[in-house]
Amino acid sequence: MKTMTMSPAIRALSSVAAVFATLPVSRWLSVMAERRRLAALDPRLLQDIGVDASAQQAELSRPFWDVTSLR
């Protein structure tokens, strides 16, 4: 019986596909970390970056998968 082997092009495409498959997860993890840092900011630091407490709470209440396309 003949064994099938993947061509280098197919192997490269499967590697690229594997990398792209992890992008949403890494983006979600990044957003979760950013939101944790935002949650830790005190009112003075929030004022420094131009964010009020209601905007902070609105961002923190979003689910982790709710990310903008700009990230």
Side-chain angles (χ1 to χ4, degrees):
M1 179 177 260
K2 187 174 182 180
T3 305
M4 295 181 69
T5 59
M6 287 195 298
S7 72
I10 298 295
R11 256 182 281 146
L13 283 175
S14 66
S15 297
V16 169
V19 168
F20 280 110
T22 62
L23 285 179
V25 173
S26 64
R27 183 177 300 156
W28 291 340
L29 293 172
S30 174
V31 168
M32 289 169 55
E34 289 174 14
R35 290 180 181 158
R36 276 193 302 271
R37 288 190 296 270
L38 178 64
L41 296 179
D42 63 44
R44 181 184 55 82
L45 291 174
L46 287 173
Q47 184 180 16
D48 283 349
I49 63 171
V51 176
D52 62 6
S54 64
Q56 178 193 32
Q57 287 305 313
E59 182 66 24
L60 296 176
S61 67
R62 293 170 60 188
F64 70 91
W65 63 83
D66 185 10
V67 297
T68 63
S69 60
L70 300 176
R71 293 184 188 265

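Model, not experiment: these values are computed from the prediction.
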Test item: Leu41 and Val51 side chains (from C-beta on) under 4.5 Å apart, heavy atoms: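 They are not in contact (no side-chain heavy atoms under 4.5 Å apart), so the answer is no.
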Non-hydrogen side-chain atoms of Arg44 and Asp48 separated by less than 4.5 Å: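 Heavy-atom side-chain distance check passes, below 4.5 Å.
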Closest non-hydrogen atom pair between Trp28 and Val67, with its separation: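 Taking Trp28 first and Val67 second, the nearest heavy atoms are CD1-CG1, 4.4 Å.
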Spacing of Arg35 atom CZ and Arg62 atom CZ [to the nearest 0.5 Å]: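 The distance works out to 4.5 Å.
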Shared hydrophobic cluster, Leu45 / Leu60 (ILVMFWY, side-chain heavy atoms < 4.5 Å):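 Yes; Leu60 is reachable from Leu45 via cluster members.
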